[in-house]
Amino acid sequence: MAEPKQHLYLVDGSSYIFRAYHRLPPLTDPQGTPVGAVYGYTTMLWKLAADLDEADGPTHLAVILDASGVSFRNEIYDQYKANRPEPPEDLVPQFPLIRDATRAFSLPCIEVEGLEADDLIATYAREAQRQGWDVTIVSSDKDLMQLISEVDGPNGPARIDMLDTMKNQRIWLPEVEEKFGVGPELVGDVLALMGDSVDNVPGIFGIGPKTASKLIAEHGSLTAALDAAPEMKPSKLKERLIEGRGDAELSKILVTLKEDCDLPQPLEEMKLGPVPPGPLAAFLEKHGFTSLLKRLETGNGSPARKTDLNPPKADKPGANRAGDDSANRQPLPEMPRIDHAAYATVQTLDALEEWIARARAAQVVAVDTETTSLDAMQADLVGVSLALAPNDACYIPLAHGGNDMFAQKPEQVDKAAALAALKPLLEDDAVLKVFQNGKYDLNVLAREGIAVAPIEDTMVISFDLDAGRGEDGMGGGHGMDELSQRHLGHTPIAFKDVCGTGKKAISFAEVPLEDATRYAAEDADVTLRLYRVLKPRLAEEGGTRIYERVDRPLIPVVARMEREGIRVDRARLAKLSEEFAVEIGRLEGEVHAAAGQEFTVGSPKQLGEILFDKLGYKGGKKGKSGQYSTDVSVLERLAGEGAPIAKLVLEWRQLSKLKSTYTDALQAAINPDTGRVHTSYSLVGAQTGRLSSTDPNLQNIPVRTPIGRQIREAFVPEPGNVLLAADYSQIELRLAAHMADVDTLKQAFAHGEDIHARTATEMFGEVTRDTRARAKTINFAILYGISRWGLASRLEVEPDEAQAMIDTYFQRFPGIQRYIHETLESVRAKGYSETLFGRKTWFPRINSKNQAERQGSERAAINAPIQGTSADIIKRAMARMLPALAEAGLHDVRMLLQVHDELVFELPEERVEAATPIIRQVMAEAALPAVELSVPLGVDIGTGLSWDAAH
DNA sequence: ACGATCACG
DNA sequence: GACGTACGTGATCGTA
């Protein structure tokens, strides 16, 4: 048997502590020594050491530090690292503690005078790779990205990758490519051109990361780029390249890692075993890391646990871990209890200016708006609250006392003046604005002419961490009250306690200032506290990638789409409503006649009794509510068996649905100010990461039947414009083919084949209308997690026959069965599924003893990575779309709607030709560069004078 | 407030 | 031996 692969982790201790210092709160230990960064470092080592025995975890580990003093690079260039500022004074005493912490874990700690940590890491990494080991460099230093590689070793490929523990991100070839636009072997050349101000590597003045990447990618190397300079067309860039040649060559030497250092310690001595608890306990105790100490004692996720408490086990190492993660969370510095009396009401411009100044100094401020409506497109701004620290919060009333000119109004800052004062703060790049559901506030403030940025959103952070995590008894929502309850143990004042409910409800503008301040300032306070709890978890739990790269950038994009809205033709809808009403009345009469009595056709209860008791049709099945089922499958069966009433009811239902849900409701949804319909998208509505749409839902407008499609004809562009609809074609099946690595399907997609026809050929040997339809059903069944009974009922065959088809499918596409098996194993062990972009969905019931519950989770878990990856891809496309169009000068293309695999745009007719290829490209390439798919993404685009015509 | 039904991907 | 059968949503209606 081959020996298990060795995996060396090299921890770049020095760079970690700098970053930890800035990211973590300034804790001090019982002796008064600052230990915030050390605490961060300790938890990181803890996690790494506890990963021993995990797949891809370390078998060997060493910490590499910078020795103090000068390195050989200073002999080459005396200015090297010369302008680096002194480290902050409360960081200095923490440097030696890094060594103490490392020793406490009984881990090797290596530093060599005259060598930098990077050079030692490079040498050790290459040496281990030569011996066929995998290597993970724990650092985020971009210089080290030069080392990322994979070579053929004695027993298979040996790779060097990186792990950024702050962002909890693996860095591998795609990440390097994304950052530098070139492979690792050329990273040094890019760095040499761009320089590094922190290390005082000169680079070439005036060339930054973008230009450097572009030059190296174009010419293939630094030397080639420099050589090509004299031939370039006259430009600033050309001059700089020629004049800066010397600087660039020197920089290249400085950034090149020394890979042939003398090694002070052989690799074998880095072998990682269970951590002896004694020295570690002493260290934790000395510095007052009591929560870690407790975990060490209880063995909960402890690096010492493996031998001390549990004998090594061969079976699933992660079993039963599902969902227990929250208990493993880092303790946070205590926050004071919520104190409503501490909140300020800001009633003068001077006081407001002071809060704004303090917010600027704090650089992070939680913001909340109070309005008159939940609909951001109708809401009037009533006040704004700010929070700078726990209990340090205020409320700024702007429109209390209502709009009645003569009413008695409380003293408050003039609304226009206050907003003018707030605007620079809210738009300041250097001040982070934290919201709970920021999309709402963004829209309210955008309507006041304020373009808030940059923002953070605790609701979205919560979703990216905990989607699906709700269990019985504990809600899984991401609303503020729920989050506050869950993470802060605090129940905020309820809106209805301030404004009342039902008929007696008052507008927030009528709430007395004292109550308004308590409520509003508390919301900002809670938001800030939630941010402090949730934000660090992103990095710890691997949520940074999806939050920073997908969901956070999407917030302003979706907000903008909501504000754009879409025009609907009211007259057309009204006409449809009327036609439907006539037809519904006629059908109702016929149904009553067929039934021999009047009854409420819309009542499934009454209908069931008429059909099965009075008229005596057979096959009535009662559900658990004791009521006959009368859904479409039942009525269709009855209609097929010659029951005229069933067909009439089906028609009646179709038209009632269309009228009440669409033609009537859409007219009512037209915004009187804009004349357009503005849906609201939820970024946290669907567990898989999809958006959902409400008020009205524009993601379920009819399309499948001709009669329903008439409603789509009422969605229209402004005069002179057209609607453009761009759809991903079969995206989920394509992703399944990629993720399950099914060659036959991948080839079919690569050749642009009809995928259902192809499936029919594989399964039934021939393509007919019937076999293709069956194949299509089976393809979807696979995506949704199949059962013989479910498939049987859809195909109207016996379960045995359905099972035979499933077997055939798995035989023809063996990757699918393996994918399903591996996905479920992983979800059972970890508790969550993951998309290609790292989005997690939790399945707390995956190991349930209740079979139905468990099987339901299993089906959802099979589907979630596929549906979720598709959602990630279109989200990335959306975030890039308007910038890409703008870059081509297309500023008048509006992105209006998203329907899961479709984007709808409105644009002047004469822009269609220019916009189409850009939209197609952005969508088709949306996975890149983070993920390279082995199937192409097809995009179908159409245009027309209605949404229907655009398809 | 909840279940049944049906609109969408 | 019983369970309850395709994934993910939201709106509307009737009924409790």
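Only this structure's heavy atoms are used, side chains among them; waters, hydrogens and symmetry mates stay out.
For the pair A:Val827/A:Tyr832, no side-chain contact is recorded, criterion being any heavy-atom separation below 4.5 Å from C-beta on.
The line from OG of A:Ser629 to CG of A:Leu635 is 8.0 Å long, rounded to the nearest 0.5 Å.
Side-chain proximity of A:Ala781 to the nucleotides C:dA6, C:dG14, B:dA7 is greatest for C:dA6. Here the side chain of A:Ser660 is nearest to one of C:dG8, C:dG10, C:dT12, namely C:dT12. Side-chain proximity of A:Ser692 to the nucleotides B:dG9, C:dT9, B:dA7 is greatest for C:dT9. In the set C:dC13, B:dA4, B:dA7, B:dA4 carries the atom at the smallest distance from any side-chain atom of A:Gln627. Out of C:dT15, C:dG8, B:dA7, the shortest distance to the side chain of A:Lys605 is found at C:dT15. Taking every side-chain heavy atom of A:Ser787 into account, C:dT5 is the closest of C:dA11, C:dG8, C:dT5. Distance from the side chain of A:Arg712 is smallest to B:dC8 among B:dC8, B:dT5, C:dC7.
Below the 3.5 angstrom threshold, one finds no donor paired with an acceptor across the side chain of A:Gln699 and the base of B:dC8. No donor-acceptor contact under 3.5 Å links the side chain of A:Arg704 to the base of B:dA7.
Between the CG atom of A:Asn779 and the P atom of C:dC7 there is a distance of 17 Å, rounded to whole Å. What separates CE of A:Met739 from P of C:dC7 is a distance of 18 Å, to the nearest Å. At whole-Å resolution of the value, CD in A:Glu732 and P in B:dC8 are 16 Å apart. Rounded to an integer number of Å, the gap from A:Asn697 CG to B:dG9 C1' is 11 Å. Distance, A:Leu897 CG to B:dC8 C1': 13 Å, rounded to whole Å. Going from atom CG of A:Leu655 over to atom C1' of B:dT5 covers 15 Å, rounded to whole Å. Between A:Tyr628 atom OH and C:dG14 atom C1' the separation is 19 Å, expressed in whole Å. The nearest whole Å value for the distance from the CD atom in A:Glu858 to the P atom in C:dT5 is 15 Å.
In this structure, A:Phe612 has its ring center no closer than 6.0 Å to that of A:Tyr617.
Residue-level contact check: A:Gln687 touches the backbone only, with heavy atoms under 4.0 Å from sugar-phosphate atoms and none from bases. Across all strands shown, A:Asp695 has heavy atoms under 4.0 Å from sugar-phosphate atoms exclusively, and none from any base. Among the protein residues, A:Ser680 comes within range of no part of the nucleic acid, since none of its heavy atoms lies under 4.0 Å from any strand. As judged by a 4.0 angstrom heavy-atom cut-off over every strand, A:Ser656 is placed among residues making no nucleic acid contact. Within the 4.0 angstrom heavy-atom criterion, only backbone atoms of the sugar-phosphate kind lie near A:Ala665; the bases stay farther away. Within the nucleic acid shown, A:Ile701 comes within 4.0 Å of sugar-phosphate atoms alone, with no base atom in reach, counting heavy atoms only. When heavy atoms are screened at a 4.0 angstrom cut-off, A:Ser793 is found touching no nucleic acid atom at all.
The P atoms of B:dG9 and C:dT5 are separated by 24 Å, rounded to the nearest whole Å. Spacing of P atoms, C:dC3 relative to B:dC8, comes out at 34 Å, to the nearest Å. Taking atom P on both nucleotides, B:dA4 is separated from C:dG4 by 12 Å, rounded to a whole Å.
Applying the Watson-Crick and G-U wobble criteria (two distances, each under 3.5 Å), C:dA16 pairs with nothing in any strand. With a cut-off of 3.5 Å on both pairing distances, C:dA2 has no Watson-Crick or G-U wobble partner at all.
The aromatic rings of A:Phe780 and A:His756 sit tilted relative to each other, their planes meeting at an angle between 30° and 60°.
Crowding of A:Lys614 atom NZ: a count of heavy atoms from other residues, nucleotides or ligands under 6.0 Å exceeding 12. Heavy-atom contacts from other residues, nucleotides or ligands closer than 6.0 Å to CD of A:Glu796 number 12 or fewer.
Projected onto DNA chain C by closest heavy-atom contact, A:Gln606 and A:Ile786 fall at different nucleotides, the more 5' of which corresponds to A:Ile786. With DNA chain C read from its 5' end, the first of the two nearest nucleotides for A:Asn863 and A:Gln855 is the one closest to A:Gln855.
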Inset, instruction - Please lay out, stage by stage, how A:Gln898 and A:Lys875 fare under the test side-chain hydrogen bond (donor to acceptor under 3.5 Å, both in side chains). - result: CA-CA 9 Å; A:Gln898 189 252 42; A:Lys875 282 176 162 180; over 6 Å; no
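Here the options are A:Arg572, A:Arg712, A:Arg709, the test is salt bridge (Lys or Arg N to Asp or Glu O under 4.0 Å), and the partner is A:Asp948; only A:Arg709 passes.
Within the 4.0 Å cut-off from OP1 or OP2 of C:dT15, at least one side-chain nitrogen or oxygen of A:Ser603 is found. For A:Arg859, no side-chain nitrogen or oxygen approaches OP1 or OP2 of C:dT5 to under 4.0 Å. Taking only side-chain nitrogens and oxygens, A:Thr630 comes nearer than 4.0 Å to OP1 or OP2 of B:dT5. The phosphate of C:dT12 has neither OP1 nor OP2 within less than 4.0 Å of any side-chain N or O from A:Thr661.
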